[in-house]
Amino acid sequence: MTTEHGAVKTGDVVARVEDLHVHFSVSRSAPVRAVDGVSLEVRRGETLGLVGESGSGKSTTGLALLRLVDATGGRVEVGGQDVTDWSRRRVRSLRRRVSMVFQDPAASLDPRLTVGASITEPLIVHDLAASRDARRSRVAELLEMVGLRADMADRRPHEMSGGQKQRVGIARALAGEPDLIVLDEPIASLDLSVQAQIMNLLRGLQEQLGLTYLFISHDLAAVEHMSDRVAVMYLGRIVETGTPEQIYRNPAHPYTAALLSAVPTADPEAERRRRRITLHGDVPSPVNPPSGCRFRTRCPAARDNCATTDPELYEVEPGHRAACLYAVEAVEEMRAGAATTP
Amino acid sequence: MSSHDLGPTAAETDHSHGEPLPADRNRVWTALRSNIPAAVGMVILAVLVVVGVLGDLIAPYGVNEVNVDQMLQAPTWSHPFGTDELGRDVLSRVMVAARVSLMVGAVSVGLALLAGVTLGLVAGYYGGIVDNVLMRCMDVLFAFPVLLLAVAIVAVLGPGLVTAMVAIGVVYAPIFARVTRASVLSVREQVFVQAAVSVGASDGRIMRRHVLPNIAAPLIVQTSLSLAFAILSEAALSFLGLGIQPPKPSWGRMLYDGRGFVQDAWWLGLFPGLAIFVTVLAFNVVGDALRDVLDPRQLSQDEARRAS
């Protein structure tokens, strides 16, 4: 597999996934190809945004980085070490270096434990605090880092609001001083007003602590706001990567263009001029993805050889890559054909 | 970091979880007290425990104080439950036997709980072949009628207090294994368990710290119901002469000894029988009330069917 463009020292890469395949087999039927050949790198101090519809494999990719699901093919590297074949015991130490924030903060905290106990768990598991007092003061510190009062450690999840619970989830993810935090839809189940607060908190923590994020979301605006680089996934593959500017201003893959055209704008003038590219049909089954380009069954610009050639990611401009045989050209064509929204 | 979204915004509390949270302990307690049968049941159990612990200290006569002059006396003020064929005070014997019954109940249910919960936890948590092997073994035990299995175990080990406890423990372990496994299966899929895995917690830690506390409610209910059935089983075993050996008093044995005198001395059978009846009823009523409060979904139909 090709590596990312640019002179990046391997030391700067916190985690790398190479040609990752995660296939789930249910009994004897054909496996679900949740992730089917994904390669990506996360570099120290950056936020890599991973966008896609539900079922595109973005969460599974995140889970694979903590070995919460096992790869059926390809490699997962963390800190330059291949962790794909690590034993169960060894994998537990991996989970200090990569931590995770879950989508539903209410469900991800044990209802029977105080939030302090939930945050303490990584400290105990990885033996990070020698005494009870040391743990208590570390928990207090973590709570304050995420904007909660230290005395909230004794509360239980049901005594807190959704936003507060997600802050606790973030504090737990910070506890082991991880090299990478996988944020799996961290704002999706929060109220709109709280979403902004949590995003600001995450960005503030990143600046302050030099954190590295893999930000998984289906919220295009949130990804643009949060990310230094973006990868768009469709049906178990990455179809386009680049900086937010490149992806959002100048999408090269028809799928990205279609996704972006579906986002309404706040400005009524711009909204009137907005052209929607309508996609037809549903996402094909990941059990049996289309031949050639996976997007061709819904692509308004698909041509004959899209059915036979499986496009690789290639560079359309420095740092901007798309997996489409016709890339920019197809997007132009789609835009021309798209109707202005009424 | 800025401190927005602060303050005690407890307005957004959710009580969506069916299981009671520790903060709801007061609610459980209040609900139990306001349920009159359950309250009466708890009072009876409290009295029983006191009698069981103090036993011969507060009994008016010695358990084996033979007084042939006074044999087979009907209840009077000096012998409220009458006397048996050896002139022993039935009240004193019923009181002392309470200790044995409660002890057998507690120890055997304790054994069943320990074995059943461990097996159910492991089976439910690991699933797959481990689950299959363990649960099929439990099914084999489950297939036998309770008493038949207990009698078989006693026949192998020889009658006595300890064997009775072991036998009853073995017989009830599969029930706990099943209840535990079923609860573990649902808890295991919860996100907070995955979250614990994601921070690197070991399987043992997850089972102890996250799974077990979250399945406590059905287990508490099952325990109180099983205590009733264990006491009944002990009485049955003793009645058959396979449990507590004379001259130690036990309700089942007293019932057995009294059956020859039903026509002439009804009190010999009535009072031990009443003691069994009241104790089992009290555990059942409290157990049912606990179930209503803690765990309305779980119905112990298996146990009801087996006991019939």
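Numbers restart at 1 for each chain; the letters A, B, ... are given by sequence-line order, proteins then strands. Side-chain atoms are counted along with the backbone in the values below, which use heavy atoms only and exclude waters and symmetry mates.
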When rounded to the nearest 0.5 angstrom, what distance separates CG in A/L113 from CZ in B/R209? 5.0 Å
Taking CZ in A/R136 as the centre, count heavy atoms belonging to other residues, nucleotides or ligands within less than 6.0 Å. Is the count above 12? no
Give me the atom names and distance for the closest heavy-atom approach of A/P111 to B/F192. CD-CE2, 3.5 Å
Residues of residues 86-100 of chain A with any heavy atom under 4.5 Å of a heavy atom in chain B: A/R88, A/R92, A/R95, A/V98, A/M100
Should A/Q103 and B/V191 count as side-chain neighbours, where that means a heavy-atom distance under 4.5 Å? no
Can you see which heavy atom on A/E121 is nearest to which on B/A201, and at what distance? OE2-CB, 4.1 Å
With a cut-off of 3.5 Å and sequence neighbours excluded, list every side-chain donor-acceptor pair involving residues 172-181 of chain A.
from	atom 1	to	atom 2	distance (Å)
A/R172	NH1	A/S108	O	3.2
A/R172	NH2	A/S108	O	2.8

At their closest point, which heavy atom of B/G200 faces which heavy atom of A/V125, and how far apart are they? O-CG1, 3.0 Å
Around atom CD of A/E207, are there more than 12 heavy atoms from other residues, nucleotides or ligands closer than 6.0 Å? no
